[in-house]
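Notes to accompany the following structure.
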There are 2 protein chains.
Amino acid sequence: MPEQLNQCMPLGKYMGVLTKIYFGALSKKLEHLGVDRHFSILKAIDNTNEKCTQQYLSDLLNFDKVSMVRMLDYLVEKKMITRTVNQDDRREHIIELTTKAKKIMPEIRKGIAEMNATAFKGVSKPDREVFYSCLTTILKNIECLPANEVDIKLKKKK
Amino acid sequence: MPEQLNQCMPLGKYMGVLTKIYFGALSKKLEHLGVDRHFSILKAIDNTNEKCTQQYLSDLLNFDKVSMVRMLDYLVEKKMITRTVNQDDRREHIIELTTKAKKIMPEIRKGIAEMNATAFKGVSKPDREVFYSCLTTILKNIECLPANEVDIKLKKKK
DNA sequence: AAATAATAGTTAACATTGTAAACTATTAAC
DNA sequence: GTTAATAGTTTACAATGTTAACTATTATTT
């Protein structure tokens, strides 16, 4: 059992492996749609009721905007999303799912649900709630760093 | 609060930022020793009583062996570790800290402890225990995947 | 004992993501 | 109306992951 958080980093890596596993078949069916983060992006777009801009997605999923541009380029190329200029604020691009993407959303949701079921097998519901609550606290703590500790610029939004 | 694990991935990324913050000064003092994972490696070597081979470190810290070679190359270059062939099994290399590295271990331990204190601020001890226990279960669940789901090769050790 | 398989480590090539800087276009603020 | 801020893009570079091929050494098999 890890004693310190700096020994827990493989979680992200392993979840990447899980994603590959649960979306392997779906990925092949979709001309090898990238598997690592693209499914999370599609789900996030689908979940969003308000206008979905690239900045919004970057903030929500915590990808930097350069990587977001690259990933959205990829999804456009794969005909999974469309990018249209927002006429109310022409700096923004509205991201929307194509019909092709909408059709596979049920499979994506199912894959993500199965992934989570596998990960949390044997963890009780209350424990799971504590886990997510801790995770939330940690993420908050980490984002709100004491100003005296640091190069402030690390805290600033890019 | 995240509902599903695939939305929690920034934890690893943020911990990287924290590492940079808590080791920024130390890093500068050490001719800009890389900050992201090198401190964890040094701590792992220092913690190890048994013989410390590259394979052992890869397994412990969950870095693949190619990356481990690169990072150890870097640490050798920075004169923080030595690599010596194990005369009992000449395939293995024993990794040891140099005196230079041993001297800064207290600072590294302090930095890691402060990092964890920051991350867990406001999380009760029992909750923290549940958190780590969940994390352990999740990591176990993810490593022991049901064989019918997958490309078995993903499970194999590299 | 010799052939074969497995292990530890290395190297090269490539893909992905993060980061920083410079840039355009557009909107907001003074 | 000038200046500042925001959304997005592009380029270049660094770090890590992945695969495959490779050497050297040790263990296993026959």
Side-chain angles (χ1 to χ4, degrees), chain A residues 9-10 12-17 19-20 27 32-41 51-77 81 83-95 151 153-158, chain B residues 9-20 27 32-41 51-77 81 83-95 151 153-158:
Chain A
M9 291 312 96
K13 199 194 301 183
Y14 288 141
M15 286 307 289
V17 174
T19 313
K20 274 186 190 117
S27 171
H32 294 83
L33 182 69
V35 287
D36 275 308
R37 322 212 165 197
H38 299 144
F39 289 114
S40 296
I41 294 178
K51 70 178 179 181
C52 185
T53 63
Q54 300 191 191
Q55 192 59 52
Y56 170 81
L57 284 174
S58 293
D59 291 342
L60 182 70
L61 299 171
N62 282 287
F63 301 141
D64 69 334
K65 63 180 185 175
V66 178
S67 302
M68 187 53 79
V69 168
R70 275 189 295 235
M71 289 189 277
L72 294 182
D73 283 349
Y74 184 86
L75 290 172
V76 166
E77 193 196 309
I81 62 167
R83 251 197 283 230
T84 49
V85 173
N86 180 6
Q87 291 306 327
D88 296 336
D89 182 341
R90 299 182 51 230
R91 290 171 299 186
E92 295 178 342
H93 289 181
I94 304 283
I95 310 298
D151 262 337
K153 103 183 146 173
L154 277 168
K155 290 168 61 187
K156 281 201 235 147
K157 272 175 122 181
K158 302 289 152 54
Chain B
M9 291 311 97
L11 183 57
K13 200 193 303 183
Y14 288 140
M15 287 306 289
V17 174
L18 257 200
T19 312
K20 273 185 192 121
S27 171
H32 293 83
L33 180 69
V35 286
D36 275 307
R37 321 210 166 199
H38 299 144
F39 290 115
S40 295
I41 294 177
K51 69 176 179 182
C52 184
T53 64
Q54 301 192 190
Q55 192 59 53
Y56 170 81
L57 284 174
S58 293
D59 290 343
L60 182 69
L61 299 171
N62 281 287
F63 301 141
D64 70 333
K65 64 181 185 174
V66 178
S67 303
M68 188 51 80
V69 167
R70 274 190 295 234
M71 290 189 276
L72 294 182
D73 283 348
Y74 183 86
L75 290 173
V76 166
E77 193 196 309
I81 61 166
R83 250 197 282 231
T84 48
V85 173
N86 179 8
Q87 292 306 328
D88 295 336
D89 182 340
R90 300 184 50 230
R91 291 171 299 188
E92 294 178 341
H93 289 182
I94 303 283
I95 310 298
D151 262 339
K153 101 181 148 175
L154 278 167
K155 291 169 57 186
K156 280 201 235 149
K157 272 176 123 180
K158 300 290 150 56

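Every chain is numbered from 1, with letters handed out A, B, ... down the list of sequences.
- Side chain of B:Glu92, nearest nucleotide from C:dG9, D:dA20, C:dT26: C:dG9.
- The nucleotide whose nearest atom lies closest to any side-chain atom of B:Arg37 is, among C:dA20, D:dT25, D:dG17, D:dG17.
- Across the protein-nucleic acid pair, A:Lys65 atom NZ and D:dT10 atom P stand 13 Å apart, rounded to whole Å.
- Among D:dG17, D:dT6, D:dT9, the nucleotide with an atom closest to any side-chain atom of B:Phe63 is D:dG17.
- Rounded to an integer number of Å, the gap from CG of B:Leu61 to P of D:dG17 is 11 Å.
- The only option from A:Ile81, A:Thr84, A:Ile41 that meets the side-chain contact (heavy atoms from CB on, under 4.5 Å) definition with A:Ile95 turns out to be A:Ile81.
- Computed from coordinates, the B:Asp64 CG to D:dA20 P distance equals 14 Å when rounded to whole Å.
- Using a 4.0 Å cut-off, no side-chain N or O of B:Arg90 falls inside it from OP1 or OP2 of D:dT23.
- Atom CE of A:Met68 sits about 5.0 Å away from atom CG of A:Leu61, to the nearest 0.5 Å.
- Between B:Asp88 atom CG and B:Lys51 atom NZ the span is 7.5 Å, to the nearest 0.5 Å.
- Going from atom NE2 of B:His93 over to atom C1' of D:dT25 covers 10 Å, rounded to whole Å.
- Between B:Asp73 and B:Arg83 a salt bridge is recorded (basic side-chain N to carboxylate O distance below 4.0 Å).
- Of all nucleotides listed (D:dA20, D:dT10, D:dG8), D:dT10 comes nearest to the side chain of A:Val66.
- As rounded to whole Å, 12 Å separates atom C1' of C:dT16 from atom CD1 of A:Ile41.
- An OP1 or OP2 oxygen of C:dT7 is reached within less than 4.0 angstrom by no side-chain nitrogen or oxygen of B:Gln54.
- Between C:dT10, C:dA25, D:dA24, one nucleotide has an atom nearer to the side chain of A:Arg91 than all others, and that is C:dA25.
- Nearest to the side chain of A:Arg70, among C:dG18, D:dT16, C:dG9, sits C:dG18.
- Side-chain proximity of B:Ser67 to D:dA7, D:dT18, D:dA24: nearest is D:dT18.
- Atoms CG (A:Asp88) and P (C:dT26) sit 15 Å apart, rounded to a whole Å.
- Looking only at side-chain heavy atoms (C-beta outward), A:Gln54 and A:Lys65 stay at 4.5 Å or farther from each other.
- C:dA15 atom P lies 17 Å from atom CE of A:Met71, rounded to whole Å.
- Taking atom CD1 of B:Ile95 as the reference point, atom P of C:dT10 lies 8 Å away to the nearest angstrom.
- Between A:Asp73 and B:Asp89, the one whose closest nucleotide on DNA chain D sits nearer the 5' end is A:Asp73.
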